Each structure stands twice: as structure tokens, then as C-alpha cells.
Amino acid sequence: MTGAAIIDDLRARGLIHDTTDEVALRARLDEGPITLYHGIDPSASSLHLGNLIGILVLRRFQDHGHRPVALVGGSTGMVGDPGGRSEERNLLDADALAHNVAGIQAQVERLLNVGGDNSVELVNNFDWTKGVTVLEFLRDVGKHATVNQMVAKDSVRSRMDSEHGISFTEFSYQLLQAFDYWWLHTHLNCDMQIGGSDQWGNITAGIDLIRRRESAHVHGLSWPLITKADGTKFGKSTDGALWLDRDQTLPYEFHQYFLRTDDRDVERFLLQLTLLPVDEVAAIMAAHNETPEQRVAQSALADAVTELIHGSDEVRKATLAARALFGGGVLDADGLEALRGVVAETSVHAALASGEEAVVDLLVATGVCSSKGDARRTIQQGGIRVNGDRIESTADGFAFVGERFALVQRGKKQRHLAVVGG
RNA sequence: GGGUCGGUGCCCGAGUGGCCAAAGGGAACGGGCUGUAAACCCGUCGGCUUCGCCUACGAAGGUUCGAAUCCUUCUCGGCCCA
């Protein structure tokens, strides 16, 4: 199955922000499988939620029979994309980058299909940029670009207007990315680049380069950046970014994040962040709108995304954990044991329970509160529960269930398990 | 190089000798309402051995009974001149 149907699907999902000549693109897709690439910045050792949409668009193309190339920017990561940030970025050293690239590639392989006619191909642009000399680059790439055009890009202009300015290094980024596209076009027959709308300028830079050097017309497509109705940044929680790596963000937290999705966002997220068919999403939304308080759509979203990333087993565990934590049932040692690995935990000493202000100490020891003052305040505000019981005063004590576990809750959302001895 | 204005708590931003742990706003956190939503309301928001003490207003010195506030030097940034 190939063809331009993918474009209709993406449009139905609100995943098309910009495309190059759509008529030409559709015609090309109807001819047969296209090779397309998406670049990922290796600024960390794991992908985070913000990367998910791009990986999934790549996957959607793959599911339609096209050939995905996932580029992890080992060399562009050394330079830094000026887009979307107001200041120069810190450059990573080579070792850190190699580590990040490896981590990200492993995750990409799990989200895209490996093997078969249109297996995902993983590439690292460091492989073809490391040997290029400055003179070669200036002659083969730089000669085909005008500074006038480069300066006109939004990402560059906004930085030139800012007080911090922009370094030549980051200014050059778009040429490096253009070079990538050219290289993939000439070596892997790649005729399409996709990316977030913030990448549009870089994508067109590559298209221009290929047209000038090869007289070839290649394609580009971008999706809109994900926004949230409340104005907060998508994919960030209290503790920072939500990572796809289970060691950095527990599957339970991941699942919970989506379960709390705002009604105004949930349909869009279902369309853009899951592989559920469009008509199925419509059915889910219909059911949701019947009884919004049931949060059918949020559950479907959380389950679908978590399954994609962590597998159905983790979905089941997260659901069970949520039921135990929010259901208000009895918390016995077995129940708490089941929460291990699901909620964050800290190992503590048994003696912690016998202090003057045992609960205050517990809150600080687990990191749930940042200081004793913070702990006391939160207790006074009625924000702390231990093993399900609200702590009324700092003088209250607590006991470890089964002499092993204490479940600390701060507010409605934060959970932390203290384990004696660990 | 000269001149000038400025560097305040997570961010923005008041404060020009005691009433300043420092107004106000934002973010964040807790409570209420609710659907583990939105909106809205209330509260908290440097630390501690918490009726008091310690640390803090770019850094280091100094004046003073007393300094975020005055002086000196340094440092960083904006603007103007060269």
C-alpha cells in the first residue's frame, strides 16, 4: 500500500502545517514508495515526548509503504539549531554525543519497523560530515546559498533581533542540514524531508541546495508544533521533560500525564500521538462527549501512547496502580509491594518513623518536600497523606506498613514510596 | 578608550539609611469546587534547632548604632560617544 492516501490521513489528523507543491508531492507518492527522512537532535540520551510526533509521522509513512530514514544529528548536534531558543546552546562533547546518539537510535528502532521491504534506516550525519573540509563545504554548499536568504529565515532573524545575537556556528546550521538532505538524496535516493514547523526553513534550505546542485525537485512536509490549551509546554511536567526512557520517566508517570489531558486537547492528541485510525478516534470522541466525566478519551489516549512506548504490560500495571492509588482502597503490604517500580521510591531507615517529627523527616528524606519548612507548610495545608491517611499536624506519626513500606502522597498527584532498607 | 544607566528572591519587577526576608505580577505548590479536567475562589511560596536565629538584594571592602539602599574598587550587561 503506497500512494498519496497518507497525505489525506495526515491532513485529517491536523498534521500538515506546510508542504512543498502538494500536487507534485501527491503525484510522486502515487508512483510508489518514497524515501523520506526526519532528523532528530541528540541533545539527550533519550527521546522525550516532544520527539514523539515526528517519529510517529515517520511511522505513518512507513505504514503506508514508504521508506523511512531516521537521522540522528551527531554533527548538527555539535553545532546547535538556533530555532526555538533565545540564546546560544551549550555544545556537547563528542563522547556525550555518541552516547546520546546510541540511546536515541535504540529507541527509534523500537518505534519503527525493522526489516522487510521498507525497513527503517538509521543514519548519523557525523558519518558523512566529519571528513568534509571547510574548503569543500564552502565551495559545494556555501556557494549555492545566499546570505540574504539565510538571514531571512525566522529562526535567524529572531535571534539577530535579540540582545544575545547569534553565533556564526548556529547561523551555519541550516547549511549543514541542507547538506544532510543533499547527501541523503544523492546516496540514499531520499526525496522528502519531514519535520516540525520550526524546521521548515532548514527543510527548504535543503530543497534549494538539491535543486541547484542536482536540478532535482524534492519534497518537504512539516507538522504544527503541539500546543496545550492551558498554555503550558507540551511534554513537560513538574519534574521536567517526560522521557520515553522508563528509567528517566516511569511508565506510570507517563500514563498519568496523558490521563490528565485537558478536554480541549484530547482529540488532537489522539489523532497526532497515537496510531489509532481517524474514524476510531471519532468514535472515542463521540463516546467521550456523551459522558465527559468518564474521561473515556483521556483513558484511550493514555493507554494507546503508553502501549506504543512501553508495551501493554506497562499499561496494565499503570492502570492497576492508578486504581489502587485513586480508588481509596485499603493499602496493605501486598498492595504497596505491587506499586514498586510503578511510582518513584526511596530507601529509608526504619528509625525514621520514631523521630519527633517523623512525617516531616519522611517528606524530606523522600524528596517529596524540599525542606523541613516546606514539609511543615504542606502538612499545615492538609496536603500530605501517608498510607492514605491525611496528616493533620507535624506531631502526627506514621508506621511502615508490614514494617517495610510507607506511601507518601502530596496533593492529588504526587506519590512516593518509602521502602525500609530499599 | 570616554560617558551614562543598570545588575533585587524561580522569572519579571517595586524598593534610595531603620517599619525589608524585601510591594506587585507571573510561574510553581497546597486546599476548595470538579471528572486525577477547564474556569473560579482561598492559602503558601529562602533556610533552620521556627514566638527566635541564620543566610540573602552582582563581588569584595568601607561609613554607620543600623545598609538592598551611602562611599571605594572590581565584575557583568544596556545605551551614547570615540
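These numbers come from the heavy atoms of this one structure, side chains and all, not from hydrogens, waters or symmetry mates. This is a predicted model, so every value here is computed, not measured. The chains referred to below are lettered A, B, ... by the order of the sequence lines, with proteins before strands, and numbering in each begins at 1.
- The shortest distance between the side-chain N/O atoms of A/Ser371 and the OP1/OP2 oxygens of B/rG47 is below 4.0 Å.
- Remark on RNA chain B: of its neighbouring residues A/His288 and A/Asp374, the 5'-side contact belongs to A/His288, judged by nearest-heavy-atom nucleotide.
- The CG atom of A/Leu259 sits 10 Å away from the C1' atom of B/rA37 (whole-angstrom rounding).
- Across the protein-nucleic acid pair, A/Glu356 atom CD and B/rU50 atom P stand 11 Å apart, rounded to whole Å.
- The partner of B/rU63 cannot be assigned: no Watson-Crick or G-U wobble pair with both contacts below 3.5 Å exists in any strand.
- Base contact: A/Asp263 has a heavy atom under 4.0 Å from a base atom.
- Scanning atom types as modelled, one donor and one acceptor separated by under 3.5 angstrom connect the side chain of A/Gln256 and the base of B/rU36.
- As rounded to the nearest Å, B/rC5 and B/rU49 have C1' atoms that lie 45 Å from one another.
- When each of B/rC33, B/rG30, B/rG35 is scored by its nearest atom to the side-chain atoms of A/Arg295, the top-ranked nucleotide is B/rG35.
- Per the geometry, CG belonging to A/Asp262 stands 19 Å off P belonging to B/rU34, to the nearest Å.
- The number of heavy atoms from other shown groups lying within 6.0 Å of CD (A/Glu356) does not exceed 12.
- The nucleotide B/rG52 finds its pairing partner in B/rC48, both defining distances of the Watson-Crick or G-U wobble pair being shorter than 3.5 Å.
- In this structure, the CD atom of A/Glu293 is 11 Å from the C1' atom of B/rU34, given to the nearest Å.
- Listed for the A/Gln272 side chain is a donor-acceptor partner under 3.5 Å among the backbone atoms of A/Gly14.
- The separation of B/rA28 from B/rG61, taken at their C1' atoms, amounts to 38 Å, rounded to a whole angstrom.
- A/Glu314 and A/Thr306 are not linked by any side-chain donor-acceptor pair at a separation below 3.5 angstrom, with hydrogens and angles left out of the test.
- A/Ile379 places its CD1 atom 15 Å from the C1' atom of B/rG31, with the value rounded to the nearest Å.
- A distance of about 26 Å separates the C1' atoms of B/rC19 and B/rC71, rounded to the whole Å.
- Across all strands shown, the partner of B/rG77 is B/rC5, judged by Watson-Crick or G-U wobble contacts whose two distances both fall under 3.5 Å.
- Enclosure of atom CD in A/Glu136 by more than 12 non-hydrogen atoms of other residues, nucleotides or ligands within 6.0 angstrom is indicated.
- For B/rU49, the base has no donor-acceptor partner in the side chain of A/Lys372 [N/O atoms by modelled type, under 3.5 angstrom].
- The separation of B/rA39 from B/rG26, taken at their P atoms, amounts to 13 Å, rounded to a whole angstrom.
- At a threshold of 4.0 angstrom between heavy atoms, the contacts of A/Arg377 are confined to the sugar-phosphate backbone, with no base atom among them.
- Residues A/Asp263 and A/Gln298 bring a donor and an acceptor atom of their side chains to less than 3.5 Å of each other.
- Atom C1' of nucleotide B/rA39 and atom CG of A/Asp265 are separated by 15 Å, given to the nearest angstrom.
- Rounded to whole Å, the P atom of B/rC45 lies 16 Å from the corresponding atom of B/rC29.
- B/rC48 sits 15 Å from B/rU55 when the P atoms are compared, rounded to a whole Å.
- Pair assignment for B/rC40: B/rG32, on the basis of Watson-Crick or G-U wobble contacts that are both within less than 3.5 Å.
- Comparing the C1' positions of B/rA59 and B/rC76 gives a spacing of 10 Å, expressed to the nearest Å.
- Among the heavy atoms of the strands lying under 4.0 Å from A/Gly373 is at least one base atom, whether or not backbone atoms are also near.
- Between the base of B/rG31 and the side chain of A/Gln381 there is no donor-acceptor pair shorter than 3.5 Å.
- Along RNA chain B, the nucleotide nearest to A/Ser370 and the one nearest to A/Gly411 differ in position, and the one closer to the 5' end is contacted by A/Gly411.
- The distance from atom CZ of A/Arg260 to atom P of B/rU34 is 19 Å, rounded to the nearest whole Å.
- Side-chain contact check for A/Asp180 and A/Trp128: at least one donor-acceptor pair (N or O, by modelled atom type) lies under 3.5 Å.
- Checked against B/rU50, B/rU36, B/rC29, the side chain of A/Arg376 finds its nearest nucleotide in B/rU50.
- Spacing of P atoms, B/rC12 relative to B/rG78, comes out at 15 Å, to the nearest Å.
- Judged by distance alone, with hydrogens and angles left aside, the side-chain atoms of A/Asp265 form no donor-acceptor pair with the main-chain N or O of A/Lys228 at under 3.5 Å.
- A/Gln380 comes within contact range of no nucleotide atom at all, as no heavy-atom separation falls under 4.0 Å.
- The distance between atom CG of A/Leu363 and atom P of B/rG30, rounded to the nearest whole Å, is 12 Å.
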